[in-house]
Amino acid sequence: MTDQDLIVSKVSKSYETAHDHLSVLKELSFSMDRGESIAVTGPSGIGKSTLLHILGTLDRPTSGSVQLLGEDPFALDDAGQARFRRKHIGFIFQDHHLMPQLSVLENTLLPALAEGRSTAEHYSRATNLLEAVGLSDRISHLPSELSGGERERVAVARSMLLRPTLILADEPTGNLDPENARKIGQLLLDLQRQENTLLVVVTHSAELASQMSRQLSLTKGQSQ
């Protein structure tokens, strides 16, 4: 019996297409403790984003299991999974997915607003996180008034708002120039360590991958 915080056990994912049976992940297993970070690497189409979607309960494995803090989210109904996701998972996307009509502060508060409850504590947490990512002078700005690196910083702050157990980042530096990519990578790691979260990053960047505690290289859906 293991007491590790994230346990991925023999996870497989396949799809039925019109002409074939497509196997994406094949009995993938790994585990993590709080404070650890993993870079998931491998060629395009190998199953990296599929793995991230399964860890984030946005997709269901064909077989195998995922446990986070001893709970299997796929044993829950849809409403239970949504609650689990809001409580435990923070997402960072390559295209940041900020709402263009909302300010930096409002975008950071979105996870709380999605639950219909933005409190003074959430406001304080959001402003502190924006200060930590160097955007305290941008809180009233719209995304269109920010650089690409600044928008990605907002996405990092937003992912941390509800103090999630697991941060999932899909190519967080993929659209950035090398200097901003280095800054975002270091910022993400610094915050992850301060918050003592689990961090899983999908990346094609060898430099970003080398900054993680461990690397998980996918080859034909399996790890090496």
Test salt bridge (charged side-chain N to carboxylate O under 4.0 Å, His left out) on R163 and E121 and set out the steps. CA-CA 12 Å; R163 304 181 190 276; E121 181 181 351; 5.2 Å; no
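- The side-chain heavy atoms of L129 and L135, taken from C-beta on, include no pair separated by under 4.5 Å.
- Residue L199 is not grouped with residue F91 when hydrophobic side chains (ILVMFWY) are merged at heavy-atom distances under 4.5 angstrom, including chains of intermediate members.
- Between P164 and I89 there is no side-chain heavy-atom pair separated by less than 4.5 Å.
- Considering only heavy atoms from C-beta on, R153 stays 4.5 Å or farther from V156 through its side chain.
- Considering only heavy atoms from C-beta on, L191 stays 4.5 Å or farther from I167 through its side chain.
- With rounding to the nearest 0.5 angstrom, the OG atom of S9 is 10.5 Å from the CG atom of D72.
- You'll find the side chain of L110 reaches within 4.5 Å of the side chain of M99, heavy atoms only.
- A pairwise comparison of heavy atoms in R158 and H97 identifies NH1-O, 3.1 Å as the closest pair.
- Remark: the backbone N or O of Y123 is paired with a side-chain donor or acceptor of T127 at under 3.5 angstrom.
- Residue E195 holds its CD atom at 6.0 Å from CE of M160, rounded to the nearest 0.5 Å.
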Take K48 and L52, measure what side chain to side chain contact (heavy atoms under 4.5 Å, CB included) needs, and give me the verdict at the end. CA-CA 6 Å; K48 301 186 301 297; L52 220 61; over 6 Å; no
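- One hydrophobic cluster, built from ILVMFWY side chains closer than 4.5 Å, holds both V66 and V40.
- Under 3.5 Å, the side chains of T50 and H53 contain no donor-acceptor pair of N or O atoms.
- Looking at every heavy atom in both residues, L142 comes nearest to P100 through CD2-O, 3.8 Å.
- The two residues L25 and L28 have their closest heavy-atom pair at CD2-CD2, 4.4 Å.
- The minimum heavy-atom distance linking P61 with G64 is given by the pair CG-O, 4.3 Å.
- Going from atom CG of L168 over to atom CG of L55 covers 6.0 Å, rounded to the nearest 0.5 Å.
- A distance of 6.0 Å separates CG of L68 from CG of L166, quoted to the nearest 0.5 Å.
- Hydrophobic clustering keeps L188 apart from M32 (ILVMFWY residues linked when any side-chain heavy atoms are closer than 4.5 Å, directly or through intermediates).
- At most 12 non-hydrogen atoms from other residues, nucleotides or ligands lie less than 6.0 angstrom from CD of E131.
- Heavy atoms only, all atoms of each residue included: S118 and L109 are closest at OG-CD2, 3.9 Å.
- Going from atom CG of L113 over to atom NE2 of H122 covers 9.0 Å, rounded to the nearest 0.5 Å.
- Taking hydrophobic clusters as Ile, Leu, Val, Met, Phe, Trp and Tyr residues chained together by side-chain heavy-atom distances below 4.5 Å, V11 shares a cluster with I38.
- With R60 contributing its side chain and F74 its backbone, the two residues share a donor-acceptor pair below 3.5 Å.
- The hydrophobic clustering, which links ILVMFWY residues whose side-chain heavy atoms are closer than 4.5 Å, places F93 and L162 apart.
- Taking the six-membered ring where tryptophan is involved, the planes of F84 and H88 are tilted, since the angle between them lies from 30° to 60°.
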Where do L76 and T57 land on the side chain to side chain contact (heavy atoms under 4.5 Å, CB included) test, with the steps shown first? CA-CA 10 Å; L76 305 172; T57 72; over 6 Å; no
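- Within the 3.5 Å criterion, the main-chain N or O of E106 finds a donor-acceptor partner in the side chain of S103.
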So S37 and S213, side-chain hydrogen bond (donor to acceptor under 3.5 Å, both in side chains) or not? Walk me through it. CA-CA 5 Å; S37 56; S213 305; 3.1 Å; yes
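- Two residues are said to be in side-chain contact when any heavy atoms from C-beta on lie closer than 4.5 Å; T62 and V24 fail this criterion.
- A heavy-atom distance below 4.5 Å is not found between the side chains of I54 and V8.
- In this structure, D137 places its CG atom where more than 12 heavy-atom neighbours from other residues, nucleotides or ligands lie under 6.0 Å away.
- Shown here for L161 and P111, the closest heavy-atom pair between the two residues is CD2-CD, 4.0 Å.
- The 12-atom threshold is exceeded at OH of Y15, counting heavy atoms of other residues, nucleotides or ligands nearer than 6.0 Å.
- Taking 4.5 Å as the limit, some side-chain heavy atom of P172 sits within range of a side-chain heavy atom of E152.
- Atom CD in Q4 sits 9.0 Å away from atom CG in L6 (nearest 0.5 Å).
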